[in-house]
Structures are given as C-alpha cells and as structure tokens.
Amino acid sequence: MSDALRAALAKVAVDLGAEGAEFVLERPKDAGHGDLATNLAMVLARVQKAPPRAVAARILEALDLPAGTIEKTEIAGPGFINFWLATDELASALRGIIAAGPGYGAHTFGEGLRYNVEFVSVNPTGPLHVGHGRGGALGDAIASLLEWTGHTVTREFYLNDAGVQIDRLAESLWARVQEAAGRPAVIPEGGYHGGYLRANAAQVLEQEGRAFADLPVEEGVRRCRVLAVRMQREEQDRDLASFGVRFDVIASEQAIYDRGAIPETLALLAARGLTFEQDGALWLRTTDFGDDQDRVLRKSDGTFTYFLPDIAYHVDKHDRGFDHVIDVWGADHHGYVPRVRAAMRALGYPEAFFDVSIVQLVKVMRGGEEVKMSKRSGEFITLRDLIEETGPDAARYFFLMRRADSQLNFDLDLATSQSDENPVFYVQMAHARMHGIFRVAGVDPDEVDADVRLDALPAPEDRELLKKLTAFPEITARAAQEREPHRLTGYLEDLARLTHGWYHKCRVLGEPTEVERARLALARATRIVLANGLTILGLTAPDRM
RNA sequence: GCGCCCGUAGCUCAGGUGGAUAGAGCGUCAGCCUUCUAAGCUGAGGGUCGCAGGUUCGAAUCCUGCCGGGCGCACCA
C-alpha cells in the first residue's frame, strides 16, 4: 500500500510543479497520527508560497487513490497529512502475507548484482574468540539480508596462511612436538604459547607416528606448517559450523603468491604510474587517493608488506566479477580502511565497489562484572566457550542486536536466562505460541484459509498486530540497504511484544466462527513473519519451547 | 598530536539522509490477575539527548569547537 500511496503523492507533486520533491511517507510512532503520514505539504510549502496546511488541502484535493484503500485522511500539526488504511486494504495485505509465506519480506531489487561478503578471516593461529563471533554473526546476517533482497552473495573467508606469523606457528608447534617427545622445548620469540598447540602436538604424533619428532628441524617445521594451519582451520570451522556460519570460499593468501598474483599486481600499479622507490623500498602513492600517508608495498629487505597481497586479493575479487565487496573487519583494523580504499581507487574501480563494515569490540559481562579476556595469559573466553554456555541462537542474536559500530555488552546471565527478559527467548516464544494455537486446534497452519472477514475482528489489538506485520518488507529492505541487522532484531522484539499482547488479550479457539477464522489467519501470518525474521538472522524458529 | 567510532531515562540500548509530545526492554513504585493457548495485565515516576555555539520555519539528527570513553596511527602481521 505504501508504494501505491507514495506514487500517488509523487504524481501530485509533479502536478503542483515540484517534480522530484523529496518527501517522507512513514508510519507514525503515534497511532493517533494514522497508519501512514507524509510531510509533502511542508516540503512543497516554499514552492507553493503558501502555508503548509493550505498546501496539504490542495494535495488532498489533487490526490487520486483507488477506491477502498484509504478510509480517512487528516491534516494535522504543522502540515502533516495522515492516512488511515481501509479494512479492505488490510485484508488484502493479510492475504498477501499468507500467499507469500516463506518468501514474505523478500525483495528483488538486488537481482543481477553479485556481492562478495568477506568476514571472520582470522589468522589460523588459534581459537576464535568472541569478537570473531560478532564478526561472524554480522557478516552472515548481512549476506542473508542481501540474498533476501535478491542479490547473489558469496560468503568468503580470507586465510592468512603465508607470512611470518605462520612461521612462528609452525615453530611453536614443532616445539610442542619436541616437548611431547620428552625433550626440552623452546617456544620461539613471538611464538604461540597457548595450550591448544600441546593438544595439536599430541595429535600430530598420533597421526604421523613417534618418529615425526626425530625429523631434521627444517623438515619438521616445514611439515608442521601445513599441519598446524590445517588443524587450526578445522577447529575454527567446527566452531563456526556450530554457530551456523558456513563459507562458500576459503581464499588462501599462499595461493595468491603461488599463482604469481603479487608481481602481476605490482605491474598493474606500476603501469598506472602510482608506485615509486624511496629508501630502498617500493611505495604506493595512496595519498593521491585519500590516505594520509603513502604506503610501502615492498620493504627494503625485498619482502612484501601485508598490504600488497591484500591488494592482490581484492584485485582477484574484482576479477571474479563481483559488483561489490563488503569486508567485515574488527575495530582494531579500521585504520587500515583508508589505504585499501585508496588502492581500490588507484586501480580505477568504481567507488561503490569496496565497502567495509567495522564491528566494534565485545565486552562479556557476568554477574555485572566484565569477564576479562587476555590473550597473553592464554585465559580468554573463546567463541566455543560462549556458544556452549548460551547456545548458538542466543549467541548470534546478542551479537546482532546492537549496531555494529557501537560497543557491545554481552550479558551472559541474560543470554542464558529462560525468561521473557531474554529477547531471543521472547521472540522465539512468540513464534512457539503461534504454533501452539494450531497444535491445540489440531489444524495444519498451512491449510488455514487466508480469505477471511477482517471486520469480524473486534479488538484493536487484531488490527495493530496486522499493521505491524505489513511493515516487515520495509524492515528487510532497509536492513539490507544499510547493512544493519539490528533493525531486524528490534522489529522482531516489537512484533513479539504485540504478539504476546494479542495472544493474551484475544482468544482464537472457541470464538464465533468468523472471529476464529480471521484470528487463525492472523496467527498464521504472524508465525510466517516471525519465522522469516528469525531465519534471516540464522536462528531457529521453534514450534514449542 | 592526528584519524575513526561512541556519549540519549538508574542500567542496556533504539531513534541519526532535520519534522508532530524523544522511545523500548530491564530495574523502581502502585494496583490487578492466578483464567489458560505456563512464564501475565494496567498505570506511575524517571530526560539540560555530553557541553557550548552555528545553520534552519523546525536540530537528538547537519556544521564548528571543546569534554569524556574506546580503537587505531610501522619498511608489524
């Protein structure tokens, strides 16, 4: 409905000589201001050289709407025009929800656009911690929202399996292997002290045989390199899988080196005249593209910085045909954004090609106290610990319920609480309750007739709930466009609140036939919206709790 | 010192491409319900939207400057 009304209003704007006027058509917070409201009259007041309320009257005069859509209009406040939807319009919306079912809230505006969402991308040097969980939940939800709005999406993980930190990892594992074989072991400077490598070392000896520890150091370390990366990746994948996150592509940094992409990228940049040598190093002139200093590509010792393979990796994404790439990075990497953006500009890629979502830090709270995480001491809450304590649904939901760019207080007590104070529980319970109605009635919800008489519904709660359901497609569209899944959690909480209120106030079964039929349809539609919302966020929609 | 993010009710946070009386949950207080489709309902109180200027008919929202918190500022990865 809002689309039709918006179009009609835009047409009036044209008729009044203000083509392309930017006006707002929104659902007012205050129910007394109707179902939809527009500020068009105030926007046009200047061109019309008339007070907004007088302009509003002209607009209503000129407004041409199909019969039976709007029940009432009103000019209010400084010049708002408020609209009340006709019952027929709501009934048709209800039929639309049920007809669309699991596709309700989906859009097609992204069709033909290929997106690459890269997230988590943690080094394969240790277990995932809660911050990676937030990045994982966010990246996955953004990817789902994009799919839901018609985009083709690849979920991608960038594996840093080359470079110095992997050397340290291999040496550290080799040291643990020696230790397991009963020899003194020295973890190298800058190596990894975490106990998980002990477990890996034991596994290596078991799989490769005790003689593995007697290999010459060089060969032992070389083989440890492959083994360590593989074992760490497997563990990370296990954690991510239990969290409901899967990737379409694991992109390897080593593979970028192996196929010669580094010199190719270097040549590409040099050909554009954007590199220069200074102090024995090779630089990229990123300051020409918005960075605050130029950046080194190849150090004076001949090795490359991380920046160059990162550029090569993004060139690769571009060459694979993606229209847009979104990188989900932790706040500790935000300083890296300007130089990568500069590199994308230097290569002449469209401005919209490269986008970054920065996810801020997570503080885990228990009993009102922060649970300290310290990598140094090796005592930190891993993502695995967290999921085991809260379950995957609560963990995902809590990671998504706040804007990514504000810091998150993860309240463990709340996340594990089986009460309506826990928002995940509250939303899932609303879904379970809707299903419970059908269970008690012995009716398959998918068989419930959508063609009902809405005017049979006696309570204001009935209409209020239905109106909320009709807002869902706007929420999914906005959440996808803004890459803000928290808009969806917020909506689901609002909807759950209305659902619980309705459930309590409005009986379904045993009411007069027309009322029961209408409310069954409403319950079915509510269940659809709750289920779709939960599904987009990667959460289960339980039938009973 | 520079850059990015944040600062809204006691707490956790929405609202941020300017619009109507700034919202929600929790907590607090006062009542109600104890029926069923368990985990409920109603109401109240609570705010200099960090501070100060500016733009505007209109600012939590945009601009500038400060204050406070977080994270970054390598020929590290």
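So that the names make sense, note that chain A is the first sequence line, chain B the second, and so on, each numbered from 1. The analysis underlying the following values was restricted to heavy atoms, covering all of them including side chains, and did not include hydrogens, waters or symmetry mates.
At the phosphate of B/G15, OP1 or OP2 sits under 4.0 Å from a side-chain N or O atom of A/His486. Distances shown here put a side-chain N or O of A/Lys299 below 4.0 Å from the OP1 or OP2 atom of B/C76. Look at A/Thr38 and you won't find any side-chain N or O under 4.0 angstrom from OP1 or OP2 of B/G19.
Here A/Arg507 lies in heavy-atom contact (under 4.0 Å) with a base. Using a 4.0 Å heavy-atom cutoff across all strands shown, A/Arg298 reaches no nucleic acid atom at all. When heavy atoms are screened at a 4.0 angstrom cut-off, A/Phe425 is found touching base atoms of the nucleic acid. No contact: A/Val24 has no heavy atom under 4.0 Å from any strand. Residue A/Asp292 is out of contact with every strand shown, counting any heavy-atom pair closer than 4.0 Å.
Where stacking is scored as ring centres under 5.5 Å apart with planes under 30°, A/His333 does not register as stacked on the base of B/G72.
Between A/Phe157 and A/Phe119, the ring center distance fails the sub-6.0 Å criterion.
With B/G19, B/C75, B/C71 as the candidates, the nucleotide lying closest to the side chain of A/Ala331 is B/C71. Side-chain atoms of A/Leu361 lie closest to B/G70 of the nucleotides B/A20, B/G70, B/G19.
Mapping A/Gln418 and A/Arg339 onto RNA chain B by nearest heavy atom places A/Gln418 at the nucleotide closer to the 5' end.
Taking the ring axis of A/Phe410 as reference, the NZ or CZ atom of A/Arg402 does not stay both within 45° of it and closer than 6.0 Å to the ring centre. Relative to the six-membered ring of A/Phe289, A/Arg339 misses at least one condition, a distance below 6.0 Å or an angle of at most 45° to the axis.
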Exercise for review: Let me see the working for A/His435 and A/Arg544 under side chain to side chain donor-acceptor pair (under 3.5 Å), right down to the final yes or no.
Suggested key: CA-CA 7 Å; A/His435 185 79; A/Arg544 61 197 313 166; over 6 Å; no
